[in-house]
Number of protein chains: 2
Amino acid sequence: MVVDELSDAEVDRLFQAFADATRRDILARALVSDYSVSGLAAHYAMSFAAVQKHVAVLERASLVTKEKRGREQIVRVHLDGLRRARRLLEEYEVIWRQRVDRISDILAEEEGKSPS
Amino acid sequence: MVVDELSDAEVDRLFQAFADATRRDILARALVSDYSVSGLAAHYAMSFAAVQKHVAVLERASLVTKEKRGREQIVRVHLDGLRRARRLLEEYEVIWRQRVDRISDILAEEEGKSPS
DNA sequence: CTCATCTACAACCATAAGGTTGTACGTTAG
DNA sequence: CTAACGTACAACCTTATGGTTGTAGATGAG
């Protein structure tokens, strides 16, 4: 029933990509409009190469893709990655809810057996 | 309007915590039932100390808390952390949606101005 | 009381992560 | 054509991460 089967390594890369403020900011910028790598780099107090590496991390996590436009490389968000990460977290919450429900059921049953 | 204001460092820790398969598994186990640290450690092909460190990472990320019970330390999930992470990812999707809507509006307006 | 259990933590090691600078190469503007 | 721009990538450094072993302190079982 689970449609998007991600390997552990893929999920690792996905969350690892989110685990850095610069990368989250890059993602946020790329979400609202198109940026080239150097266009993004202009916003950060670090070298172009560093930003390039951050984009590479996002790319390996399937969160963005790069599209060549002339001599520039446009970074565009790949929404699927984002959705998958979000769904994974939702699944954890579902598990929690199921547990709560299960415990409620057990308590209800116990009460039915010996109403104190 | 943003209720849960997380610092960059907090969010870093949150996603960093998810970025390891062992930790995600620990979290999943702790979600479905109560486990002591050694009870968790029994499931993994690594030392107790290693598992202990993983739990510590989850704890620093506010994803779990430990509760002393006799000589054991019970690991319980702190649902808030989970919810916050999920909401953050949802916010990115919202931003994306807003962008799509904005572009649609612009296109609609352009069409209104000079219907080709 | 004594011993096994559970935990905590320090010290150490190998590798990964995040940053730097430097070099090289395709592309576009003038 | 030439110069500037955008990119790619290698080499290097420092610190963080994920693992190990070993030691030591509480606590519970017998």
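Chain naming here is simple, since letters A, B, ... match the order of the sequence lines and numbering starts at 1 in each.
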Rounded to whole Å, CZ of Phe15(A) lies from P of dA17(C) at a distance of 16 Å
His54(A) atom NE2 is separated from dG18(C) atom P, nearest whole Å, by 6 Å
- request: Indicate, with a heavy-atom threshold strictly under 4.0 Å, whether Thr22(A) touches base, sugar-phosphate, or nothing.
  value: nothing
Between Ala49(A) and Asp20(A), the residue closer to the 5' end of DNA chain C by nearest nucleotide is Asp20(A)
In whole angstroms, the gap separating C1' of dT27(C) from NZ of Lys68(A) amounts to 9 Å
Residues Glu91(A) and Arg87(A) bridged, charged N to O under 4.0 Å = no
So OG of Ser36(B) and CD of Gln73(B): to nearest 0.5 Å the spacing works out to 9.5 Å
Pairs under 3.5 Å (Watson-Crick or G-U), crossing ones as [ ], inter-strand ones as |: DNA chain D comes out as ||||||||||||||||||||||||||||||
* Is the shortest side-chain N to carboxylate O distance from Asp25(B) to Arg29(B) below 4.0 Å? -> yes
5'-most to 3'-most nt of DNA chain D touching chain B (<4.0 Å, heavy-atom partner on protein side) reads dG18(D) to dG28(D)
Value for CZ (Arg13(A)) from CG (Asp8(A)), rounded to nearest 0.5 Å, stands at 11.0 Å
Heavy-atom side-chain proximity of Leu27(B) to Arg24(B) below 4.5 angstrom = no
Walking DNA chain C from its 5' end, the first of Gly39(B) and Ala45(A) to be reached, judged by nearest nucleotide, is Gly39(B)
Taken to the nearest whole Å, NZ/Lys53(A) to C1'/dA16(C) is 11 Å
From CE of Met46(B) across to C1' of dC13(C) the rounded distance in Å is 17 Å
Tell me whether Asp20(B) is salt-bridged to Lys53(B), with the criterion being a basic N under 4.0 Å from an acidic carboxylate O. no
dist Arg84(A):CZ -> Glu10(A):CD (nearest 0.5 Å) comes out at 7.0 Å
* Which part of the nucleic acid, if any, lies within reach of Arg23(B) when heavy atoms closer than 4.0 Å are counted: base, sugar-phosphate only, or nothing? -> sugar-phosphate
Problem - dA8(C) OP1/OP2 closer than 4.0 Å to side-chain N/O of Lys66(B) - result: yes
| Quick one: is Gln16(A) getting a side-chain N or O under 4.0 Å of the dA17(C) phosphate, OP1 or OP2? | no
Taking dA11(C), dA8(C), dT20(C) as options, the one with an atom nearest any side-chain atom of Gln52(B) is dA8(C)
*If only side-chain N and O atoms of Ser38(B) are considered, is one of them under 4.0 Å from the OP1 or OP2 phosphate oxygen of dT7(C)?*
yes
Phe48(A) CZ to dG22(C) P, in whole Å, measures 16 Å
Quick one: do Arg99(A) and Asp34(B) make a salt bridge, cutoff under 4.0 Å? yes
- Query: Thinking salt bridges, do Asp105(A) and Arg102(A) make one under a 4.0 Å N-O criterion?
  - Reply: no
When rounded to whole Å, the CG to C1' distance for the pair Leu58(A) and dA17(C) reads 14 Å
Worksheet entry | Ion pair Arg97(A)/Glu93(A), N-O distance below 4.0 Å | no
Of Arg60(B) and Val51(B), the one whose closest nucleotide on DNA chain D sits nearer the 5' end is Arg60(B)
Rounded to whole Å, CZ of Arg71(B) lies from P of dA8(C) at a distance of 14 Å
(message) Counting only side-chain nitrogens and oxygens, does Ser47(A) get under 4.0 Å of the OP1 or OP2 atom of dT20(C)?
(response) yes
